[in-house]
Amino acid sequence: MRTLLTAIALFASIATTAPAFAETSSASAHDHNAMMSMPMDHSSMNHGTQPTSAATVYHGTGVVKAWSNTSVTFAHQPIPALNWPAMTMRFGLSAYKGSPLSVGQTVNFTFIQSASGYDLISASAN
């Protein structure tokens, strides 16, 4: 008898809240769709390339292929933390405080992901 009363109470509870839930769910879907077309103001967000405690620092080893005032190109070994195979790619220098590297030099380096791509943090001769 007690089980029957519990089942009836549970059924009554579900029957009275289900219509309200359906109305809320339907309205939420429409509101979400409306939000997708709204412009977003990101002007107050910090999009700098300086590492922060929240930025993940990645490590790699590679050969310097090119150096300019704004970027360095490495032919680097695989970077398991990002599931990257060996490849040649460019890294920004906006966060790098070291000295220029020589083309052909093998280095260990660290970098972060930024709003503009990937930025070199440090490099040392291998």
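Between Tyr58 and Ala81, the shortest heavy-atom contact is CD2-CB, 3.9 Å. Heavy-atom minimum distance, Leu101 versus Ala123: CD1-CB, 3.7 Å. Pairing each heavy atom of Ile79 with each of His59, the nearest pair is CG2-O, 3.8 Å. When all heavy atoms are compared, the tightest approach of Ala95 to Ile121 is CB-CD1, 3.7 Å. When every heavy atom of Val103 is checked against every heavy atom of Ala66, the shortest pair comes out as CG2-CA, 4.1 Å. Nearest heavy-atom pair, Arg90 versus Ser71, reported as atom, atom and distance to 0.1 Å: CD-OG, 3.2 Å.
Taken to the nearest 0.5 Å, the OG1 atom of Thr110 stands 6.5 Å off from the CG atom of Leu120. Residue Ser122 holds its OG atom at 8.0 Å from OH of Tyr96, rounded to the nearest 0.5 Å. Note that the NE2 atom of His76 and the CE atom of Met89 stand 5.0 Å from one another [nearest 0.5 Å]. Atom CZ in Phe74 sits 9.0 Å away from atom CD in Gln105 (nearest 0.5 Å).
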Show, in sequence, the C-alpha distance, side-chain angles and deciding distance for Ser114 and Asp119, and conclude whether the side-chain hydrogen bond (donor to acceptor under 3.5 Å, both in side chains) test is met.
CA-CA 7 Å; Ser114 69; Asp119 292 313; 2.7 Å; yes

Step-by-step side-chain contact (heavy atoms from CB on, under 4.5 Å) determination, Asn126 to Thr61
CA-CA 8 Å; Asn126 190 358; Thr61 300; 3.5 Å; yes

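Using a 4.5 Å heavy-atom threshold, the side chains of Leu93 and Trp67 count as touching.
Under the side-chain contact (heavy atoms from CB on, under 4.5 Å) criterion, Ala75 pairs with Lys65, Thr88, not counting sequence neighbours. Looking at residues two or more places apart in sequence or on another chain, you find a ring-ring contact (aromatic ring centres under 6.0 Å, His included) between Tyr118 and Trp84, Phe111.
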